[in-house]
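These notes concern the structure reproduced below.
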Amino acid sequence: MRLQLATWQEVDAYLKRSTAILIPIGSTEQHGPNGFIGTDALCPEVLAQGIAEKTGALVAPTLSIGMAQHHLGFAGSITLRPTTLISVVQDVVNSLARNGFDRFWFLNGHGGNIATVTAAFSEIYAESSLGTASSNRPPLVCRLKNWWETDGVRALSKELFGDDEGSHATCSEVSLTYYAYPDHVKQAEMTPPRAPNGPILDAEDYRRRFADGRIGSNPSLASVEAGRRLYEAAVANLAEEWHAFAA
């Protein structure tokens, strides 16, 4: 069930059987010559729907803008400051907690969110520890799960792409979005075929080191069929983890 398509009465009924909610979170940033700018939000959003179909989980609206300051040298990228994203996560959790949700499973599609979202969880827990949380807020549990870190996805990525997987604009994430949106598959030349690796700092440094936006990847290998296999593997693994978290 999608929160955005539910009535408040349906959410009340859901809360009688579960107080856990699944929140996709990602980013709006460049993904090389053939990757969608929305890749990091689309991946967890698509997988969340698959998990919901298997488990009956309630899925919150996708938080589609994340901490992506280092991508701003490329057209179309949007970022929140780390402090802003921390506040957004706090406000989302506290809004839902007011009506009885107490377990929040953030399904993440962007590595750049990890430190900031984890810090947001610490701020949320500090509200309880310091006595500043609202009086009607239950004890909360927050968890961040990166979709690409399931056993099935790791094994398939290695089998399908090997060292060409890379770390940004990866073959796997591009494939997953192609499976979800096959009418929008892009064709582009990759020069060199596999992008270089290296560190990233601010937006100018990123653009200088990685001219087309990729890091270590060759997403020309991405395909709809690979995306289907990755989707099925990810949903199977993540549905099991959701059951354990929501129990």
Side-chain angles (χ1 to χ4, degrees), residues 22 24-55 62 64 66 68 71 74 106-114 144-200 206 209-242:
L22 197 168
I25 185 168
S27 184
T28 299
E29 63 187 48
Q30 65 83 22
H31 274 78
N34 69 335
F36 306 152
I37 286 175
T39 293
D40 285 350
L42 295 171
C43 286
E45 183 173 82
V46 167
L47 294 172
Q49 293 305 311
I51 295 164
E53 289 169 8
K54 279 185 170 290
T55 67
T62 303
S64 59
H71 291 282
F74 299 87
F106 286 78
L107 183 59
N108 183 41
H110 175 49
N113 285 341
I114 296 170
L144 185 71
K145 177 65 183 182
N146 302 317
W147 73 265
W148 63 88
E149 291 186 336
T150 65
D151 290 342
V153 168
R154 285 183 172 182
L156 264 179
S157 295
K158 184 176 180 180
E159 172 195 331
L160 293 168
F161 309 119
D163 292 338
D164 285 320
E165 170 72 352
S167 58
H168 182 68
T170 67
C171 305
S172 292
E173 62 185 345
V174 174
S175 292
L176 182 56
T177 58
Y178 282 4
Y179 170 66
Y181 297 93
D183 292 339
H184 294 273
V185 170
K186 317 289 185 183
Q187 301 294 331
E189 183 179 350
M190 306 289 165
T191 306
R194 185 191 299 171
N197 279 298
I200 52 175
Y206 191 123
R209 292 176 187 270
F210 308 103
D212 71 1
R214 298 174 295 143
I215 302 179
S217 66
N218 179 12
S220 65
L221 302 176
S223 69
V224 172
E225 174 58 20
R228 180 191 64 79
R229 294 179 64 189
L230 288 159
Y231 171 86
E232 292 173 355
V235 168
N237 288 167
L238 292 167
E240 289 183 7
E241 292 192 34
W242 168 261

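We use all heavy atoms of the structure for the numbers below, so side chains are in, but hydrogens, waters and symmetry mates are not.
- Looking at Ser64, its side chain never comes within 3.5 Å of a backbone N or O of Thr28 through a donor-acceptor pair.
- Shortest non-hydrogen contact noted between Asn197 and Ser167 is OD1-OG, 4.2 Å.
- Nearest approach of Leu22 to Trp242, heavy atoms of both residues: N-CH2, 3.7 Å.
- Of the inter-residue distances, the one linking Lys145 atom NZ with Ile51 atom CD1 reads 10.0 Å to the nearest 0.5 angstrom.
- Going from atom CG of Asn146 over to atom CD1 of Ile25 covers 10.5 Å, rounded to the nearest 0.5 Å.
- Salt bridge Glu232/Arg228: present, at least one basic N to carboxylate O contact under 4.0 Å.
- Remark: the backbone N or O of Ala169 is paired with a side-chain donor or acceptor of Ser217 at under 3.5 angstrom.
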>> Is there a side chain to side chain contact (heavy atoms under 4.5 Å, CB included) between Arg214 and His168? Walk through the geometry before answering.
In response: CA-CA 6 Å; Arg214 298 174 295 143; His168 182 68; over 6 Å; no

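- Looking only at side-chain heavy atoms (C-beta outward), Arg209 and Pro196 stay at 4.5 Å or farther from each other.
- Of the candidates Cys171, Cys43, Pro44, Cys43 is the only one forming a side-chain contact (heavy atoms from CB on, under 4.5 Å) with Leu176.
- Taking every heavy atom of both residues into account, Gly32 and Gln30 meet most closely at N-OE1, 2.8 Å.
- Using a distance-only test at 3.5 Å, with no hydrogens or angles considered, a donor-acceptor pair links the side chain of Tyr178 to the main chain of Lys186.
- The distance from the CD atom of Glu165 to the CG atom of Leu221 is 9.5 Å, given to the nearest 0.5 Å.
- Dense packing is recorded around CD of Glu159, with more than 12 heavy atoms of other residues, nucleotides or ligands lying under 6.0 Å away.
- Taking the six-membered ring where the residue is Trp, Phe36 and Tyr181 present perpendicular rings, their angle passing 60° and hence far from 30°.
- A donor-acceptor pair is defined here as one N or O able to donate and one able to accept, closer than 3.5 Å; no such pair exists between the side chain of Asn113 and the backbone of Gly66.
- Here the rule is side-chain contact (heavy atoms from CB on, under 4.5 Å) with Trp148, and of Asn108, Thr170, Leu230 only Asn108 fits it.
- Taking CG of Leu42 as the reference point, atom CG of Leu47 lies at 10.5 Å (rounded to 0.5 Å).
- Under the 3.5 Å distance criterion, the side-chain polar atoms of Thr177 are matched with a main-chain donor or acceptor of Val174.
- Between the side chains of Glu45 and Thr62, at least one donor N or O sits under 3.5 Å from an acceptor N or O.
- A pairwise comparison of heavy atoms in Leu238 and Thr150 identifies CD2-CG2, 3.6 Å as the closest pair.
- Asn218 and Arg194 make their closest contact through CB-CA, 4.1 Å (heavy atoms, listed as atom of the first residue, atom of the second, distance).
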>> Before you tell me yes or no, could you show the steps for Leu160 and Arg229 under side chain to side chain contact (heavy atoms under 4.5 Å, CB included), namely the whole-Å CA-CA distance, both residues' side-chain angles and the distance that decides it to 0.1 Å?
In response: CA-CA 10 Å; Leu160 293 168; Arg229 294 179 64 189; 3.5 Å; yes

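- The two residues Asn237 and Gly152 have their closest heavy-atom pair at OD1-N, 2.7 Å.
- Using cut-offs of 30° and 60° on the angle between ring planes, the pair Tyr206 and His71 is tilted.
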